[in-house]
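Numbering of ligands and ligand atoms starts at 1, following listing order.
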Amino acid sequence: MIPLKNLKLWLFYSSAICIFLVSFSSLVAAQSVAFTFDDGPNLIETPRLNPEQRNAEILKALAKHEVKAALFVTATYGANQAAGLALAKAWGQAGHALGNHTMTHPDLNSASTSLAQYEQEILDCDKIVSTLPGYQKWFRYTYLREGNTTEKRDGMRTFLKQQGYRNAYVSLDTSDWRLDEKLIEVLNKNNDADVTPIKHAYLTHVKQRALAYRLLSQQLQGRDVAQVMLMHHNLINALWLDDVIVMFKEMGWTIVAPATAFADPIYQLMPERAAPGQSLLLSMARSLGLGKFEGWARLVDDGDLEIEALKAHGL
Ligand SMILES: [Zn+2]
């Protein structure tokens, strides 16, 4: 059951969206997706490619397909040092957007993270990102968690508004980080290992999530929303982002700039939940009381099925 208060709120937002719908849908004919990369630039060492090479490979794949994306900066992962700042700058110079993903990646849902601390993390990160070309007042919540208390949730919503920031929602959540962990684990054992099965597992995973979130969008909104996909600044994308882009093109999807996707009115919504977060679409489903709807488990399993299937390849 949907509590009456939530239902009223929902109906208000739904009617507001309908007004925008006709004009917006004429702009976006095919299913579209924008690419966003969190936790970057990341200066950790990985097998096969060093941080500069990983950054260059991701930018090369985007440039090859003329895709404009967004990088969400976690400053202590690299951008607070000259070497990392140069990598972030390369994104802006290539025409990509740069957003804010805190200084140290704290978890707002943790009892040990106060609202004031979290806000300070954003202000400190802003001081760095605001010096870069491509700077946008876009905030991506760490772990996609918007606070475990009403005070934090509403406090952040007020804070972002006061600062002129938008919540840079994700609609299409992937567990690229999990498959990246697996890839690094395998290569750390043997740098010459055949990791082709991991590439196929990654592509299978992204496609499954894309189709599932498209279906959820149709169920919730009666239309294809402009999807915003979450990936990370990591080795798996340095190696195979080109394949991901080719796959979306073969699926008939159009890859749009993040600013284009964020113009979809769905990204103005603020789901009425006690502890909102995750994909906006999943959060909406839960706000509506859908709970464990058909297929929900595959949206939150962190790629378990694909990881399990790799065992058949001895990985
Ligand atoms: Zn993150």
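Take the Zn ion (ligand 1) and draw a sphere of radius 2.8 Å; the protein N/O/S atoms inside it number 3.
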Please output the side-chain donor-acceptor pairs of residues 74-89 that fall under 3.5 Å, not counting sequence neighbours, one pair per line with the distance.
residue: Thr74; atom: OG1; partner: His101; partner atom: O; Å: 3.1
residue: Thr76; atom: OG1; partner: Met103; partner atom: O; Å: 2.6

Side chains of residues 236-246: which donor-acceptor pairs under 3.5 Å do they make with residues two or more places apart or in other chains?
residue: Asn237; atom: OD1; partner: Tyr202; partner atom: OH; Å: 2.6
residue: Asn237; atom: ND2; partner: Asp176; partner atom: OD2; Å: 3.1
residue: Asn237; atom: ND2; partner: His232; partner atom: O; Å: 2.9
residue: Asn237; atom: ND2; partner: Asn234; partner atom: OD1; Å: 3.0
residue: Asp242; atom: OD1; partner: Lys64; partner atom: NZ; Å: 3.4
residue: Asp242; atom: OD1; partner: His65; partner atom: NE2; Å: 2.5
residue: Asp242; atom: OD2; partner: Lys64; partner atom: NZ; Å: 3.0

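Listed by chain and number, the residues in a salt bridge (charged side-chain N to carboxylate O under 4.0 Å, His left out) with Arg214 are Asp224 (sequence neighbours excluded).
Using a 4.5 Å heavy-atom cutoff, the side chains of Thr46 and Arg54 are in contact. Taking 4.5 Å as the limit, every side-chain heavy atom of Asp173 sits out of range of all side-chain heavy atoms of Val300.
Judged by distance alone, the side chains of Ser283 and Gln278 never bring a donor and an acceptor atom under 3.5 Å apart.
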